[in-house]
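This chain uses plain numbering: 1 for the first residue, then up along the sequence.
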Amino acid sequence: QVQLVESGGGLVQAGGSLRLSCAASGRTFSSYAMGWFRQAPGKEREFVAAISWGGGSTYYADSVKGRFTMSRDNAKNTVYLQMNRQKPEDAAIYYCAEDYGATMGGGYDYWGQGTQVTVSS
């Protein structure tokens, strides 16, 4: 059974930084692409970033491009989302997800429980 556990959320001032982590277990982590999503109150869940199985390719939503960086450490079965120059509109519950396959865009079959990010203005 795949488990994804996010951590690192919290309260940050606008312009500040946070780093989220997502620890995975249950299957060969390095074989799968990963993604980060977020959902703000009253809004639909939206894509934030994705990374290929080896970390060589990443893809970002336009709203976070240039401010957020997704990375992974396959030795630690963990993906990260470094969030810099945060804006109030970045406030949401952030979820990590594991892709069906090794490359991005295949769809996601496992999801974490989420971690809350609050941005004060």
Salt bridge (Lys or Arg N to Asp or Glu O under 4.0 Å) between D90 and R85: does it pass, once the steps are laid out? CA-CA 10 Å; D90 293 327; R85 293 185 281 126; over 6 Å; no
Stepwise, does the side chain to side chain contact (heavy atoms under 4.5 Å, CB included) test hold for Q82 with S71? CA-CA 8 Å; Q82 178 67 44; S71 60; over 6 Å; no
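Hydrophobic cluster membership differs between W53 and F47, with clusters built from Ile, Leu, Val, Met, Phe, Trp and Tyr side chains linked at under 4.5 angstrom.
S120 places a side-chain heavy atom less than 4.5 Å from the side chain of L11. With a 4.5 Å cut-off on side-chain heavy atoms, T103 and S52 do not count as touching. At least one side-chain heavy atom of D73 sits less than 4.5 Å from a side-chain heavy atom of Y80. Residues F29 and V79 are in side-chain contact: their nearest non-hydrogen atoms beyond the backbone lie under 4.5 Å apart. Residues R38 and K43 form no side-chain contact, since every pair of their non-hydrogen atoms from C-beta on lies 4.5 Å or further apart.
In this structure, T78 contributes its side chain and K76 its backbone to a donor-acceptor pair below 3.5 Å.
When the shell of 6.0 Å around CD of Q3 is examined, it contains 12 or fewer heavy atoms from other residues, nucleotides or ligands. The 12-atom threshold is exceeded at CD of Q39, counting heavy atoms of other residues, nucleotides or ligands nearer than 6.0 Å.
Under the salt bridge (charged side-chain N to carboxylate O under 4.0 Å, His left out) criterion, K65 pairs with D62, not counting sequence neighbours. For N77, there are no side chain to side chain donor-acceptor pair (under 3.5 Å) partners, not counting sequence neighbours.
Residues V117 and Q86 share a closest heavy-atom pair of CG1-NE2, 3.7 Å. When every heavy atom of Y95 is checked against every heavy atom of W111, the shortest pair comes out as CB-CE3, 4.2 Å. The nearest pair of heavy atoms linking Y60 to M70 is OH-N, 2.8 Å. Among all heavy-atom pairs drawn from A102 and A33, the shortest one is O-CB, 3.4 Å. Here the closest heavy-atom approach between residue G54 and residue N74 is recorded as CA-ND2, 4.2 Å.
The CE atom of M34 lies 5.0 Å from the CG atom of L4; values are rounded to the nearest 0.5 Å. Atoms CH2 and CG, on W36 and L81 in that order, are 6.0 Å from each other to the nearest 0.5 Å. The NZ atom of K87 lies 8.0 Å from the OG atom of S63; values are rounded to the nearest 0.5 Å. Expressed to the nearest 0.5 Å, how far CE of M83 lies from CZ of F68 amounts to 5.5 Å. Taking CD1 from I93 and CD from Q116, the interatomic distance works out to 5.0 Å, rounded to the nearest 0.5 Å. In this structure, the separation between OH on Y108 and OH on Y100 is 11.0 Å, given to the nearest 0.5 Å.
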Would you tabulate the side-chain donor-acceptor contacts of residues 13-24 under 3.5 Å, counting partners in other chains and residues two or more places apart, or write 'none'?
from	atom 1	to	atom 2	distance (Å)
S17	OG	N84	OD1	2.9

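For the pair R27 and Y32, the cation-pi test (distance below 6.0 Å, angle within 45°) is passed.
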